[in-house]
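Order of appearance sets the numbers: ligands from 1, and atoms from 1 within every ligand.
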Amino acid sequence: MSDAYGRVFNFSAGPAVIPVPVLEQARDEMLNWNGAGLSVMEMSHRGKSFLSIYESALASVKELLGVPDNYKVLFLQGGASTQFSMVAQNFLHTSCDHVVTGAWGKKAVEAAKIEGKVNVVWDGKATNYNQTPDLASLTFDPKADYVHVTSNETIQGVDYGFDPVLGVPVVCDMSSNIASRPVDISKYALVFAGAQKNLGPSGVTLVILRDDMLEKIKPGLPPMADYKVHAENDSMYNTPPCWGIYILGLVCQHWIGFGGLAAVEKSNQAKAKVIYDAIDGSGGFYKGHAVPASRSLMNIPFTLPSEELTEKFLAETKKLGYLELKGHRSVGGCRASMYNAFPIEGAQALAGFMAEFARTNG
Ligand code: PMP
């Protein structure tokens, strides 16, 4: 147990850890938000109270991520998975390029194919998605409507570590590493992320898109699938995910107070190093899935020598209150996800256990 509340070390890939001060504030404001006499879940999204919450969340996310003025920030629903379809429905006129670095990139291709022509420029399947490609060596279609990339693959734990510049509009699925390090939004045409890893609860999806993209939207889309409709209505064409927007705003304010994304990145690097060092220092007992150059700071999949030892490792860590360490079946073994709000004490505790487990079972 990690704190006065008896909270576990939550290694979940998402929904995931939320900063405790944010949970405390939400608790304190639950029954009567800011003297309004009701909770955020109960108020009209058209009322003065919620509009101030929305404005504050919008300003906070823009400040934290450094969103330039020529971008719209939308709070949508349907998760990042809906964005896989929506991006193609809005912008896939002739063809799009996709770089597939893992399971989520693959799903994005499947969804886009329903809408039009998709060129898979690179696919990491041959090495079971253990690396990102050298983007400079790839050939992108200069006439492509856009290229889709996944900045961090949550299941395979591979991350580019930088903002790609590709000469065509870049659409980026940042679901699992948004706000984990400084980002240059101006390098992207559109960014999307489900909130449930680094931004707050599930149910709200952040979309950031450059204004000129709004002019490229296909006509005749269903209103709920049309970015322009959402942009023109400040994400309130229909009832928005009010609670999610409220928490997302508090989470962004929390990280601004922490020192912004440079400070967040430093903290994430320190946490990830603890676990990668435990893997690399185990004499081969633990094996990381990702090649070192593509290692994610957020999701660290690793395997043990056998299925039996993996089961034992998972059972023992569970007893200690280290939750959700089971890896995805496509990679096997374990996965430690450590998003922004995950405490370094959790990484140190797991690394200590890993060393002891390898010593007694190796
Ligand atoms: N992309 C990535 C990188 C993800 O990690 C996830 C969810 N784990 C998704 C997309 C799908 O998100 P959602 O469940 O919000 O649709």
Minimum heavy-atom separation for N268 and M338, please, with both atom names.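 Distance-wise, the nearest heavy atoms are OD1-O, 4.4 Å.
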Closest approach of any protein heavy atom to [atom], naming residue and atom:
atom                    : value
atom 8 (N) of ligand 1  : K197 NZ, 2.8 Å
atom 1 (N) of ligand 1  : D173 OD2, 2.6 Å
atom 16 (O) of ligand 1 : S81 OG, 2.6 Å
atom 14 (O) of ligand 1 : Q196 NE2, 3.6 Å
atom 13 (P) of ligand 1 : A80 N, 3.5 Å

Verify, without hydrogens or angle tests, whether [X] (side chain) and [Y] (backbone) share a donor-acceptor contact under 3.5 angstrom.
X    : Y    : result
S294 : D159 : no
Y237 : M224 : no
N233 : V229 : yes

Centroid-to-centroid, F342 to F11, below 6.0 Å? yes
Looking at the rings of Y246 and F50, which for Trp means the six-membered one, are their centres under 6.0 Å apart? no
Any atoms of ligand 1 less than 4.0 Å from a non-hydrogen atom of [X]? List them with their elements.
X    : result
G79  : 15 (O), 16 (O)
S175 : 1 (N), 2 (C), 3 (C), 4 (C), 10 (C)
N152 : 3 (C)
T154 : 2 (C), 3 (C), 4 (C), 5 (O)

Answer yes if the side chains of S296 and N152 hold a donor-acceptor pair under 3.5 Å, and no otherwise. yes
When you check the side-chain N and O atoms of S56 and Q253, is any donor under 3.5 Å from an acceptor?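 There is such a pair (donor and acceptor under 3.5 Å, judged by atom type) between the side chains of S56 and Q253.
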Counting heavy atoms only, which part of [X] comes closer than 4.0 Å to ligand 1: side chain, backbone, both or neither?
X    : value
T205 : neither
E153 : neither
K107 : neither

Among residues at least two apart in sequence or on other chains, which ones pass side chain to side chain contact (heavy atoms under 4.5 Å, CB included) with D123?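 V100, V120, K125, Y129.
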Can you confirm, on distance only, whether ligand 1 has an N/O atom lying under 3.5 Å from any N/O atom belonging to T82? no
